[in-house]
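In what follows, chains are A, B, ... by sequence order, proteins preceding strands, each numbered from 1.
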There are 2 protein chains.
Amino acid sequence: MFKILVVEDDRDLNRTVCTYLNKNGFEAVGCLSANEAYDTMYGDLFDLIISDIMMPGIDGFAFAETVRSLDQEIPILFMTAKDDFASKQRGYRLGIDDYLVKPVELEELLLKIGALLRRARINSAKQITVGHFSMNADERTAVLNGEEIPLTVREFNLLYKLLSYPKKTFTRSALMEEFWDVDSNSGLRTVDVYMRKLREKLQDCEDFEIVTVHGLGYKAVLK
Amino acid sequence: MFKILVVEDDRDLNRTVCTYLNKNGFEAVGCLSANEAYDTMYGDLFDLIISDIMMPGIDGFAFAETVRSLDQEIPILFMTAKDDFASKQRGYRLGIDDYLVKPVELEELLLKIGALLRRARINSAKQITVGHFSMNADERTAVLNGEEIPLTVREFNLLYKLLSYPKKTFTRSALMEEFWDVDSNSGLRTVDVYMRKLREKLQDCEDFEIVTVHGLGYKAVLK
DNA sequence: TCCAGGAGTTCACAGAAAATTTACAAATAG
DNA sequence: CTATTTGTAAATTTTCTGTGAACTCCTGGA
């Protein structure tokens, strides 16, 4: 489920957009100001940001600039009444991804969100299939040669991540950061132990393997 | 220099767009039909595609679908007179990235191109290719003539650095500073040993070589 | 509440891989 | 020709990984 942050000081519009997005399979959170958005983002990770420009306090430009400086990747979409070229140019220069002029057609907003999420390469696939092996993120199941392989939560997360980006090398610390609590000071050996468990459970899999990248970490390689 | 393919059957508009893009730092190539575009793409690599929808012969939808099936990454931008929601939806479903309704403001087109190229570049694998040799920083792999060459972390880092700035000479101390711990008191011979190892592993490479700059250091030189 | 069992983590150490040093030969500049 | 720099193989040291086992933590059921 993708999380979308909606920053818009007009309460009605904010609610309208959020409701519409929620009805269409997203998890939308509304904020009425940039400051509120900062707080919200602090406690939660979002996949996309929709922001107004003209808002009391910090405006959309400053907000986008700050967000971009912290995160190069997250798609930012301006939704504003300002239809002048200078504003558009300023927005795009700050690194926004799209610019919608109010009144916004919600259906079109949905299309643009879809395109941006796809382009941002956020993994939307709930199902990963590699030869005779497949994983389903909703059901949290892994099936090899028609037989289900029981995986614990951590095992599932790790394998799912590796297979989402086959060939890409992940460092231990990157994996730890993603799947372990920040303050959990688990030793770096922990990841190794999980890789070992996965390899053991996947020893009959002939479609891919978990490869050690000496000095760095691990990657999944399709055979 | 980014290459942009413009597929538009209206000769005047095609020329206008291409000329404008060329004036603004791009290398634009115009095609009057999808078939012509296929031929053009066959012989050249493009960074972005701008396409009309209504064209004689193969239309923009079919064209986009074919392109997407061959290349998941290249940004595709529709530039069309069709302003109905169904067409937009169909386009986005095929995997296009943006949809501009004619008449198109060229300045705005430029902004959108910039945003799409930036986004595509963020996601593009950090890859270096020199003739029949290539390195991929995400995968940490080096491939020569279709065969993977195993490189250790240090070897990879050094070679990647040299090839990132071909012809530029790197002193031993500069390389040491970048890839070794500050407090690592490795002898100066160390770099030499790595260069030798790289040369050995790359002895079949006919596209570049590691050259000693006597009294200074090393550099990669394309043949 | 206590217990059982699974999940998660830590640890130690052998074996593997990589990094570094060393010593000397070869090449180069002046 | 000499002083300096570089190439190279081999020896040595360091670091990293695989692995089994022990330990801790959590959760659900009796």
Point to revise | Atom-pair distance (CZ on F179(A); P on dT9(C)), nearest Å | key: 13 Å
Point to revise | d(CZ, R172(B); C1', dT4(D)) in whole Å | key: 12 Å
Exercise for review: For Y194(B) and for R189(B), locate the closest nucleotide of DNA chain C by heavy-atom distance; then report the residue assigned to the nucleotide nearer the 5' terminus.
Suggested key: Y194(B)
Exercise for review: Only pairs at least two apart or in different chains count here, so list each side-chain hydrogen bond (donor to acceptor under 3.5 Å, both in side chains) that has a residue in residues 201-221 of chain B.
Suggested key: E155(B)-K201(B), R172(B)-Y218(B), D192(B)-Y218(B), R199(B)-T212(B)
Check your understanding: Rounded to the nearest 0.5 Å, what separation is found between the CD1 atom of I96(B) and the CG atom of L116(B)?
Key -> 10.0 Å
Study note, to complete from the structure: Rounded to the nearest 0.5 angstrom, the OH-NZ distance for Y99(A) and K82(A) is 7.0 Å
Practice item. Figure out the CZ/P separation between R196(A) and dT10(C), and round it to whole Å. Key: 17 Å
Point to revise | Strand contacts (DNA chain D) in residues 161-168 of chain B, 4.0 angstrom heavy-atom criterion | key: none
Practice item. Please name all residues satisfying salt bridge (Lys or Arg N to Asp or Glu O under 4.0 Å) with R196(B), sequence neighbours left out, ordered by chain then number. Key: E200(B)
Check your understanding: Taking OP1 and OP2 of dT20(C), is either one under 4.0 Å from a side-chain nitrogen or oxygen of R154(B)?
Key -> yes
Point to revise | Interface residues of residues 210-223 of chain A with DNA chain C (non-hydrogen, below 4.0 angstrom) | key: H214(A)
Review point. How close or far is atom P of dT17(D) from atom CG of L175(A), stated in whole angstroms?
Key: 13 Å
Check your understanding: How far apart are the C-alpha atoms of E178(B) and K161(B), what are their side-chain angles, what is the distance that settles it, and do they pass the salt bridge (Lys or Arg N to Asp or Glu O under 4.0 Å) test?
Key -> CA-CA 10 Å; E178(B) 180 155 359; K161(B) 187 74 188 181; 3.2 Å; yes
Point to revise | Pairs where residues 54-69 of chain A contributes a residue and the test side-chain hydrogen bond (donor to acceptor under 3.5 Å, both in side chains) is met, not counting sequence neighbours | key: Y38(A)-T66(A), R68(A)-D97(A)
Revision key, fill the gap. Quick note, ring pair (Phe, Tyr, Trp, His ring centres under 6.0 Å) partners involving residues 142-163 of chain B, not counting sequence neighbours, are F156(B)-Y160(B)
Exercise for review: From the options D98(A), I50(A), L48(A), select the one residue that forms a side chain to side chain contact (heavy atoms under 4.5 Å, CB included) with P75(A).
Suggested key: L48(A)
Check your understanding: Would you call the rings of F2(B) and F26(B) parallel, tilted or perpendicular, where under 30° means parallel and over 60° means perpendicular?
Key -> tilted
Review point. Going by heavy atoms closer than 4.0 Å, what residues in residues 197-209 of chain A are next to DNA chain D?
Key: R199(A)
Exercise for review: Just report the end-to-end axis angle for the helix from dT1(C)-dA30(D) to dG30(C)-dC1(D), five pairs per end, to 10 degrees.
Suggested key: 40°
**Study point:** Results of salt bridge (Lys or Arg N to Asp or Glu O under 4.0 Å) for K88(B) - residues two or more places apart only
**Key:** E108(A), D83(B)
Review point. Can a side chain N or O of W180(A) be found less than 4.0 Å away from OP1 or OP2 on dG8(C)?
Key: no
Revision key, fill the gap. The complete set of side-chain hydrogen bond (donor to acceptor under 3.5 Å, both in side chains) pairs with one or both residues in residues 2-19 of chain A, sequence neighbours excluded, reads K3(A)-D44(A), E8(A)-K102(A)
Exercise for review: Say whether, by atom type as modelled, one donor and one acceptor occur between the side chain of R119(B) and the main chain of A120(A) under 3.5 angstrom.
Suggested key: no
Exercise for review: Nearest whole angstrom, please: distance from the C1' of dG8(C) to the CD of E155(A).
Suggested key: 10 Å
Point to revise | Partners passing salt bridge (Lys or Arg N to Asp or Glu O under 4.0 Å) against E107(A) (at least two apart in sequence or in another chain) | key: none
**Study point:** Spacing of F156(A) atom CZ relative to dG8(C) atom C1', expressed in whole Å
**Key:** 18 Å
Practice item. Enter the distance from I128(A):CD1 to S164(A):OG here, rounded to the nearest 0.5 Å. Key: 3.5 Å
Practice item. Tell me whether the OP1 or OP2 atom of dG8(C) has a side-chain N or O from T190(A) closer than 4.0 Å. Key: no
Exercise for review: Could you grab the distance from atom CZ of R154(A) to atom CG of L198(A), nearest 0.5 Å is fine?
Suggested key: 12.5 Å
Review point. Between D192(B) (CG) and dA26(C) (P), how many Å, whole number?
Key: 17 Å
Review point. Looking only at side-chain N and O atoms, does T152(B) come under 4.0 Å of OP1 or OP2 in dA17(C)?
Key: no
Scan nucleotides 21-29 of chain D against the protein and return all N/O pairs shorter than 3.5 Å with their distances rounded to 0.1 Å.
none

Practice item. Output the distance between atom CZ (F63(B)) and atom CD1 (I49(B)), rounded to the nearest 0.5 Å. Key: 4.5 Å
Check your understanding: Do we see a donor-acceptor contact under 3.5 Å between the side chains of K112(A) and Y92(B)?
Key -> yes
Review point. Whole-Å distance between dG18(D) P and M195(A) CE?
Key: 10 Å
